There are 2 protein chains.
Amino acid sequence: MPAGQEKCKQVGVPLPRASAGEAMRARILETTDRLFYRRGIRAVGVDTVAAEIGISKRTLYNYFPSKDALVVAYLERRFTPIPASERSPVVQILDAYDRVGRLFAADALRGCPFVNAVTELADPTHDAAKIALGFKERRRLWFRELLVQAKAKDADSLAGQLAILLDGAIVQMLVRNDAGMAAVARKAATTLLAAAGVKPASAPTRRRAKA
Amino acid sequence: MPAGQEKCKQVGVPLPRASAGEAMRARILETTDRLFYRRGIRAVGVDTVAAEIGISKRTLYNYFPSKDALVVAYLERRFTPIPASERSPVVQILDAYDRVGRLFAADALRGCPFVNAVTELADPTHDAAKIALGFKERRRLWFRELLVQAKAKDADSLAGQLAILLDGAIVQMLVRNDAGMAAVARKAATTLLAAAGVKPASAPTRRRAKA
DNA sequence: AGCTACCTACACAGATCTGTGTAGGCAAGA
DNA sequence: TCTTGCCTACACAGATCTGTGTAGGTAGCT
């Protein structure tokens with residue numbers, strides 16, 4: 001969905017202002033992400049977003065027709081592709097737990113944005129619910145693919161278990177305000193992997209996580 | 001915190017209306033619970049609660065001085081003591097996963113009320129955050145006690161892992177709209193228990209969950 | 001210079017929310 | 001009967017929110 005085009009009415013010009021429109025859109029989404037994620041979607045008004053960016057509310061509504069559209073764009077922007085990795089499947093899986101732990105410790109994690117949106121909006125028919133479902137499903141399939149590569153027994157079920165562990169760790173970090181829950185989940189993941197016949201990378205629990 | 005007393009100003013009367021006040025308070029909290037939990041705290045106004053009960057907003061504010069107080073009372077009411085059980089520790093633990101699965105299948109579960117409150121209010125200093133933390137900690141300690149009884153290895157760490165699994169299952173049920181995630185978490189719990197030297201009750205995964 | 005597209009500032013409609021103020025009804029007990 | 005306490009109905013203040021309407025400024029392109 002390219003922005004800045006629907007305004008040009010097919011006049012044939014090579015979209016001279018398209019990049020400017022894209023930049024503005026990016027600025028809006030950056031600030032929206034920060035505010036919606038940190039303070040909550042319902043707690044942040046459109047006025048606040050516009051004021052924080054330094055633009056008028058009118059301009060914001062020129063880029064997004066409604067707050068709902070802004071919410072959807074916010075979640076779609078969070079739905080970034082998983083970067084490919086050269087490392088072993090088991091390391092990639094266990095790294096997922098380390099990553100959320102590090103993010104929380106760096107005060108960059110306030111729960112899962114998709115889960116938060118589902119909770120805040122409380123409307124299963126909202127597009128946000130579909131996006132959240134898509135995100136969870138993609139991660140589960142990613143886990144499953146890695147488990148197949150690692151020749152784990154019952155990769156399908158185990159992928160779901162590992163996904164549950166990851167979401168549980170995020171929730172517990174939020175409520176307990178303790179980044180250590182990520183390591184606890186990681187340890188459980190290690191046990192589950194071992195039970196599925198997958199050997200851990202090096203040491204079973206501890207791993208150097210400098211910075 | 002007994003209600004209906006602070007109104008009586010110590011005149012010596014044996015609280016003639018105390019029971020009526022208690023009943024009203026209970027009615028308010030029942031409806032509040034249903035609305036806050038199903039539709040969300042921020043989405044439900046005080047007007048809506050009063051109208052649903054069939055009382056005036058003024059009366060509601062006679063029992064609870066603010067919406068925040070109502071939120072706190074709502075969460076405190078959810079913080080019920082864990083009923084003691086005669087059954088084996090392992091069965092009690094695994095039953096926790098079955099229970100959330102059954103509740104979700106019966107459409108009586110829309111995430112964890114404590115986690116939802118933390119997410120919706122987005123304020124770590126709110127009393128709701130403390131109550132939520134207390135709830136999570138109590139359940140972890142309950143798991144730990146049961147694990148000690150079951151002579152599990154490393155009961156302390158395992159209790160945290162099982163708690164993460166339970167919260168993860170609740171989150172995933174909410175987002176995926178699939179009660180089956182409870183059984184997935186249960187299976188992971190069984191694996192973790194087995195790895196800790198604890199034997200499952202009867203069959204390792206399947207369990208008769210009629211009704 | 002003139003045109004066009006985008007931007008700002010600002011007001012405003014209309015809805016919603018929390019919390020209070022007031023006047024009066026009604027039932028129980030002295 | 002009279003008082004007291006609780007309830008209702010209703011209006012309202014004041015804040016907030018989404019979304020729109022309008023007038024005018026400004027920068028780039030022809």
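Everything numeric here is computed off the predicted structure, so don't read it as measured data. Here is how names work: the chains are called A, B, and so on, in the same order as the sequence lines, proteins then strands, and each is numbered from 1. Below, each value reflects all heavy atoms present in this structure, side chains not excepted, and no hydrogens, waters or symmetry copies.
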Open item on the list: For Y97(A), give me all partners under ring pair (Phe, Tyr, Trp, His ring centres under 6.0 Å), at least two apart in sequence or on another chain.
Closed with: none
Distance, rounded to the nearest Å, where [X] contributes [atom1] and [N] contributes [atom2]:
X	N	atom1	atom2	value
L60(A)	dT20(D)	CG	C1'	14 Å
R42(A)	dA15(C)	CZ	P	18 Å
I41(A)	dT18(D)	CD1	C1'	16 Å
N62(B)	dA9(D)	CG	P	14 Å
L70(A)	dC17(D)	CG	C1'	14 Å
F64(A)	dT18(D)	CZ	P	15 Å
R25(A)	dC6(C)	CZ	C1'	17 Å
F36(A)	dT18(D)	CZ	C1'	12 Å

Open item on the list: So, OP1 or OP2 of dC6(C): does either fall under 4.0 Å of a side-chain N or O from T59(A)?
Closed with: no
Task: D95(A)/R102(A) ion pair, N-O < 4.0 Å - done: no
Open item on the list: For a 4.5 angstrom cut-off between non-hydrogen side-chain atoms, does I131(B) reach E76(B)?
Closed with: yes
Closest listed nucleotide, where the reference is the side chain of [X] and the choices are [options]:
X	options	answer
R58(A)	dT18(D), dT8(D), dG21(D)	dG21(D)
S56(A)	dC7(C), dC7(D), dT8(C)	dT8(C)
I55(A)	dT8(C), dC7(C), dC7(D)	dT8(C)
K57(B)	dG19(C), dC7(C), dT8(C)	dG19(C)
Y61(A)	dC6(C), dT18(D), dG21(C)	dT18(D)

Task: Nearest-0.5 Å distance that lies between atom CZ in R139(B) and atom CZ in F114(B) - done: 9.0 Å
Open item on the list: With hydrogens left out and only the distance checked, is there a donor-acceptor pair under 3.5 Å joining K67(B)'s side chain and the base of dG19(C)?
Closed with: no
TODO: For Q92(B) and R87(B), work out which heavy atoms get closest and say how close.
DONE: NE2-O, 2.8 Å
